Each structure stands twice: as structure tokens, then as C-alpha cells.
Student: 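Sharing a structure, written as C-alpha cells. Questions coming.
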Amino acid sequence: MFDALPKPPLHNMPVRIEIETTADAAAVAALVLAAFGPGRFAKTAERLREQAGVAAAFVAREDGQVIGSVRLWRIAVGDTTAMFLGPIAVASESRKAGLGADLVQACVDHAAHDGTAILLVGDMGYFERFGFAVAPEVRMPGPVDQARVLWRGEDQPVGLVRALL
Ligand SMILES: CC(C)(COP(=O)(O)OP(=O)(O)OC[C@H]1O[C@@H](n2cnc3c(N)ncnc32)[C@H](O)[C@@H]1OP(=O)(O)O)[C@@H](O)C(=O)NCCC(=O)NCCS
């Protein structure tokens, strides 16, 4: 009898935050390209990511489709090891539903697990709610708007950011 009940529409399926797998790479690349355009490859943050190892990566998945993505990269600032967050992107039709917050929270939880701080280059207007603060003495290895260099962690370090493998 219950087999005859209508199935829920696909767009009502729950969105899940999961660890990114190698099979997700193409979908993540397409999502990030759509969100930022090809211009992001010119950015200092992208130069840093090219040199750094991935510490963790998460996707938001709905009905098997990747609709959100964030990555964490291994870095150090002076003597302090940390993780560099980005890029973070949510598919345009899925925004403003809390998915971005869920992806940031997955990163914050991952960092909290081993007591690591998080650095990113982004909008304070979005990231302040997660405990990020402007880091005036953290120097990126290239041109960047210093007001967008944000840190979440106990003590803000002083020094140049470098990639770790
Ligand atoms: C930023 C992004 C990941 C947020 O994803 P999301 O799933 O919409 O995020 P949430 O649902 O958790 O939060 C949405 C809220 O953040 C706000 N917000 C989004 N981007 C913002 C920004 N750059 N600055 C300030 N607020 C921002 C939205 O207006 C919305 O506000 P509301 O809740 O009052 O309506 C998504 O907008 C995106 O992919 N943008 C393009 C890529 C990008 O710019 N990424 C880096 C951001 S620095």
C-alpha cells in the first residue's frame, strides 16, 4: 500500500555536507568557475593554493549533485601552522539557505578538532559571524586588500604566509 504513495520531489531531498572525493573534482571546478569566473586565477590566494597541500575539502550535495564546495589548505604564518580556506562557493540557485554557513562550519569543526586556526581572504561582512577578524599583521605573498585578510584562532600571528605541502 505504501508503495503507491507519491515520492517526494527531488528538490525536497536533504542537502548533506560531505567530504569531497576525487570523483567530485570536475563538478567543484565548474561550480567555482561559475561563482568566480576565470579571473580568480590571477589572485594571490590562488597562487598560494597552487603551492599548498589540501588539508580538507567538503561539498554540499543534493540528489547526488555538488551544489556547494569549500577547501582548506596547509599553510604557515611565520612559525604558526594554520589552514587557508577557499574558494567557497554555493550554486547561485541554492544560495541564502544556509549552505554557505554549513560549509564554513564544517571547516571550523575540522580546525577545532586539532586546534588549528583558519586564514582566508574574503568579505568581513560574511565571515565575521563565524568568528573571523581582520588580521592586519598577516602578510599574503602578493597583492591583496589587507582588510579582507581574516583570521579565526586564538592569537593572531605576525608574518608572511607560506604554503605547506
Ligand atoms: C558567499 C556564498 C558562499 C554564501 O553562500 P550561501 O549559501 O548563500 O550562504 P548563507 O546562506 O550561509 O548566507 C547567506 C547570507 O550571507 C549574505 N552574504 C553572501 N555573500 C556575502 C558577502 N560577500 N558579504 C556579506 N554578506 C554576504 C547573503 O546576503 C545572505 O544574507 P541574509 O541571510 O541576510 O539573506 C555564496 O553567496 C557564493 O557562492 N558567492 C559567490 C562566491 C563568493 O563570492 N565566495 C566568497 C565570498 S567572500
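Hydrogens, waters and symmetry mates play no part in the numbers below; they use all other heavy atoms, side chains included. Numbering starts at 1 and runs along the sequence shown. Both ligands and their constituent atoms are indexed starting at 1 by order of listing. Keep in mind that this is a model prediction, so the values were computed, not measured.
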Student: Would you mind listing which atoms of ligand 1 come within a distance below 4.0 Å of any non-hydrogen atom of A101?
Tutor: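 Under 4.0 Å from A101, ligand 1 has these atoms: 12 (O).
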Student: Look at atom 6 (P) of ligand 1 and say whether a protein heavy atom is found at less than 4.0 angstrom from it.
Tutor: yes
Student: Is there side-chain contact between L85 and F130, with heavy atoms separated by less than 4.5 Å?
Tutor: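 Sidechains of F130 and L85: no contact.
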Student: From L120 CG over to W73 CH2, what is the distance, rounded to the nearest 0.5 angstrom?
Tutor: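 That separation rounds to 14.5 Å.
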Student: Nearest protein heavy atom to atom 39 (O) of ligand 1, by residue and atom, and its distance?
Tutor: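 Checked against all protein heavy atoms, atom 39 (O) of ligand 1 sits closest to V90 N, 2.8 Å.
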Student: Just verifying a value: how many Å separate E46 CD and E50 CD, rounded to the nearest 0.5 Å?
Tutor: 5.5 Å
Student: Any protein heavy-atom neighbour for atom 16 (O) of ligand 1 (distance below 4.0 angstrom)?
Tutor: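 Yes, at least one protein heavy atom sits under 4.0 Å from atom 16 (O) of ligand 1.
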Student: Please check if a non-hydrogen protein atom sits closer than 4.0 Å to atom 2 (C) of ligand 1.
Tutor: no
Student: Between G98 and ligand 1, is there a nitrogen or oxygen pair with a distance under 3.5 Å?
Tutor: yes
Student: If you measure from atom 4 (C) of ligand 1 to every heavy atom of Y126, F36, F130, which option wins on shortest distance?
Tutor: Y126
Student: Which value, rounded to the nearest 0.5 Å, describes the distance between D102 atom CG and C107 atom SG?
Tutor: 11.0 Å
Student: Answer yes or no: does an N/O atom from S94 fall short of 3.5 Å to an N/O atom of ligand 1?
Tutor: no
Student: Under 3.5 Å, N or O to N or O, is G122 touching ligand 1 that way?
Tutor: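 Among all N and O atoms of G122, none is under 3.5 Å from an N or O of ligand 1.
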Student: What is the distance from atom CG of L48 to atom CD1 of I75, rounded to the nearest 0.5 Å?
Tutor: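 Interatomic distance, L48 CG to I75 CD1, rounded to 0.5 Å: 6.5 Å.
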Student: Are Q156 and E137 packed together at the side-chain level, in the sense that at least one heavy-atom pair is separated by less than 4.5 angstrom?
Tutor: no
Student: Would you say R129 contacts ligand 1, with heavy atoms under 4.0 Å as the rule?
Tutor: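 Heavy atoms of R129 do come under 4.0 Å of ligand 1.
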Student: Looking only at protein heavy atoms, identify the closest one to atom 41 (C) of ligand 1 and say how far it is in Å.
Tutor: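 Nearest neighbour among protein heavy atoms for atom 41 (C) of ligand 1, to 0.1 Å: R95 NH2, 3.6 Å.
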Student: Is there a side-chain contact between R71 and V28, using heavy atoms and a 4.5 Å cut-off?
Tutor: yes
Student: Taking distance alone, with no angle check, do R148 and ligand 1 share an N/O pair under 3.5 Å?
Tutor: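 No, R148 has no N/O under 3.5 Å of an N/O on ligand 1.
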Student: Can you find a protein heavy atom closer to atom 32 (P) of ligand 1 than 4.0 Å?
Tutor: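 Given the 4.0 Å limit, the answer for atom 32 (P) of ligand 1 is no, no protein heavy atom qualifies.
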Student: Under the side-chain contact (heavy atoms from CB on, under 4.5 Å) test against R152, which residue among L119, V104, V108 passes?
Tutor: V108
Student: Tell me: protein heavy atom nearest atom 8 (O) of ligand 1, and distance?
Tutor: K96 N, 2.7 Å
Student: Indicate yes or no: does an N/O atom of F127 lie under 3.5 Å from an N/O atom of ligand 1?
Tutor: no
Student: Go through M124 and L150 one step at a time and tell me if the side-chain contact (heavy atoms from CB on, under 4.5 Å) criterion holds.
Tutor: CA-CA 7 Å; M124 186 60 173; L150 309 181; 3.8 Å; yes
Student: Output the list of atoms in ligand 1 that are nearer than 4.0 Å to some heavy atom of L99, sorted by atom number.
Tutor: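 Those atoms are 7 (O), 11 (O).
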Student: Could you say whether the N/O atoms of G100 and ligand 1 ever approach to under 3.5 Å?
Tutor: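 There is such a contact, yes.
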Student: Taking only heavy atoms of A97, which atoms of ligand 1 are found under 4.0 Å from at least one of them?
Tutor: 11 (O)
Student: Below 4.5 Å, heavy atoms only, C-beta onward: do F58 and I19 meet side chain to side chain?
Tutor: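 Yes - at least one pair of side-chain heavy atoms lies under 4.5 Å apart.
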Student: Going by distance only, is there an N or O of A89 that falls short of 3.5 Å from an N or O of ligand 1?
Tutor: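 No; every N/O pair is 3.5 Å or more apart.
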Student: Given the rule that I, L, V, M, F, W and Y join up when any side-chain heavy atoms are under 4.5 Å apart, are L103 and V15 in one cluster?
Tutor: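 Yes.
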Student: Specify whether the nearest protein heavy atom to atom 35 (O) of ligand 1 is under 4.0 angstrom away.
Tutor: yes
Student: I67 and L31: which non-hydrogen atoms are nearest, and at how many Å?
Tutor: C-CD2, 3.9 Å
Student: Looking at atom 22 (C) of ligand 1, what's its closest protein heavy atom, distance included?
Tutor: D123 OD2, 3.6 Å
